[in-house]
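Data first, discussion second: the structure below is written as structure tokens.
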Amino acid sequence: QVQLVESGGGLVQAGGSLRLSCVASARTFNTYAINWFRQAPGKEREFVAGITFNGGRTNYADSVKGRFTVSRDNAKNTVYLQMNSLKPDDTAIYYCAARRAITQAIDVEPAKFAHWGQGTQVTVSS
């Protein structure tokens with residue numbers, strides 16, 4: 001069983017930055033692909049960014065390309081989401097999710113991910 005814990009959320013003004021962290025309990029963390037998703041009030045959960053098991057490939061939603069960067073440190077069982085130039089539309093609960101996948105393909109569907117963190121709130125004021 002994989003347990004995920006997110007941190008780093010908070011309140012920031014538009015144009016500001018935050019770095020989210022996702023720490024996993026899995027001993028075989030380096031066999032898991034990790035995605036970030038977000039959910040705003042009244043909206044469906046949506047894909048934000050993904051990174052393959054070895055960090056060899058990343059993918060981003062169009063809405064965050066050029067502003068967000070996902071990275072991982074397998075020695076620390078941690079994935080990061082660096083968020084720059086934040087906008088009020090980025091306000092949401094951000095979740096990290098894991099799936100066992102030793103592949104360079106990045107899946108964007110939430111249903112494909114068996115393990116989820118509890119989420120961290122990001123609020124961007126205008």
Side-chain angles (χ1 to χ4, degrees):
Q1 184 70 3
V2 179
Q3 291 185 324
L4 304 171
V5 179
E6 303 97 334
S7 63
L11 173 64
V12 64
Q13 288 189 330
S17 298
L18 285 173
R19 188 176 81 156
L20 305 183
S21 298
C22 172
V23 180
S25 64
R27 289 183 298 163
T28 56
F29 178 70
N30 60 0
T31 64
Y32 286 84
I34 304 292
N35 275 20
W36 288 95
F37 294 89
R38 67 186 181 187
Q39 189 165 18
K43 294 187 177 181
E44 292 187 355
R45 193 166 296 189
E46 64 175 1
F47 168 76
V48 176
I51 189 165
T52 53
F53 71 104
N54 62 354
R57 186 164 174 258
T58 59
N59 193 19
Y60 300 91
D62 288 344
S63 59
V64 307
K65 275 181 184 175
R67 300 188 297 122
F68 290 12
T69 301
V70 60
S71 61
R72 68 190 295 160
D73 184 341
N74 282 350
K76 295 182 178 180
N77 277 24
T78 302
V79 171
Y80 305 98
L81 184 67
Q82 178 67 44
M83 305 187 297
N84 298 330
S85 302
L86 283 161
K87 305 174 181 180
D89 283 350
D90 295 318
T91 296
I93 300 175
Y94 283 70
Y95 300 89
C96 64
R99 71 182 185 102
R100 194 86 181 269
I102 306 176
T103 173
Q104 293 303 314
I106 293 179
D107 206 305
V108 302
E109 293 296 327
K112 296 292 183 66
F113 289 77
H115 311 285
W116 291 80
Q118 81 290 349
T120 185
Q121 176 71 47
V122 171
T123 303
V124 184
S125 63
S126 57

Any donor-acceptor pair under 3.5 Å linking the side chain of [X] with the backbone of [Y]?
X	Y	answer
Asn77	Ala24	yes
Gln118	Glu6	yes
Thr58	Ile51	no
Tyr80	Thr69	no

Between Gln1 and His115, does the side-chain contact (heavy atoms from CB on, under 4.5 Å) criterion hold? Intermediate values first, please. CA-CA 8 Å; Gln1 184 70 3; His115 311 285; 4.0 Å; yes

Take atom CD of Gln3 as the centre, draw a 6.0 Å sphere, and report whether it contains more than 12 heavy atoms from other residues, nucleotides or ligands.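 Atom CD in Gln3 is not crowded, with 12 or fewer foreign heavy atoms closer than 6.0 Å.
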
For the student: nearest non-hydrogen atoms of [X] and [Y], plus distance:
X	Y	value
Arg72	Asn30	NH2-CA, 4.4 Å
Thr52	Gly56	OG1-N, 3.1 Å
Val70	Tyr60	N-OH, 2.9 Å
Leu86	Val12	CD1-CG1, 3.6 Å
Ala98	Tyr32	CB-CD2, 4.0 Å
Tyr95	Gly117	CD2-O, 3.6 Å

Over 60° means perpendicular and under 30° means parallel, so classify the ring planes of Phe113 and Phe37, tilted if in between. perpendicular

Look at the aromatic rings of Phe68 and Tyr94 and report parallel, tilted or perpendicular, splitting at 30° and 60°. tilted

What residues form a side-chain hydrogen bond (donor to acceptor under 3.5 Å, both in side chains) with Asp90, not counting sequence neighbours?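 For Asp90, the residues satisfying side-chain hydrogen bond (donor to acceptor under 3.5 Å, both in side chains) (neighbours in sequence not counted) are Arg38, Arg67.
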
Nearest-0.5 Å distance that lies between atom [atom1] in [X] and atom [atom2] in [Y]:
X	Y	atom1	atom2	value
Arg99	Asn35	CZ	CG	7.5 Å
Asn74	Ile34	CG	CD1	9.0 Å
Phe47	Glu109	CZ	CD	10.5 Å
Thr31	Asn54	OG1	CG	11.0 Å

Could you walk me through whether Arg45 and Trp116 pass the side-chain contact (heavy atoms from CB on, under 4.5 Å) check? CA-CA 12 Å; Arg45 193 166 296 189; Trp116 291 80; 3.2 Å; yes

Please answer: with hydrophobic residues joined when any side-chain heavy atoms are less than 4.5 Å apart, are Phe29 and Phe53 in the same cluster?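 No; Phe53 is not reachable from Phe29 via cluster members.
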
Let me have the donor-acceptor pairs involving side chains of residues 13-22, under 3.5 Å, with sequence neighbours excluded, atom names and distances please.
| residue | atom | partner | partner atom | Å |
| --- | --- | --- | --- | --- |
| Ser17 | OG | Asn84 | OD1 | 2.9 |

Residue pair Asn59 / Arg57, side-chain donor-acceptor N/O under 3.5 Å: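 Judged by distance alone, the side chains do not pair up.
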
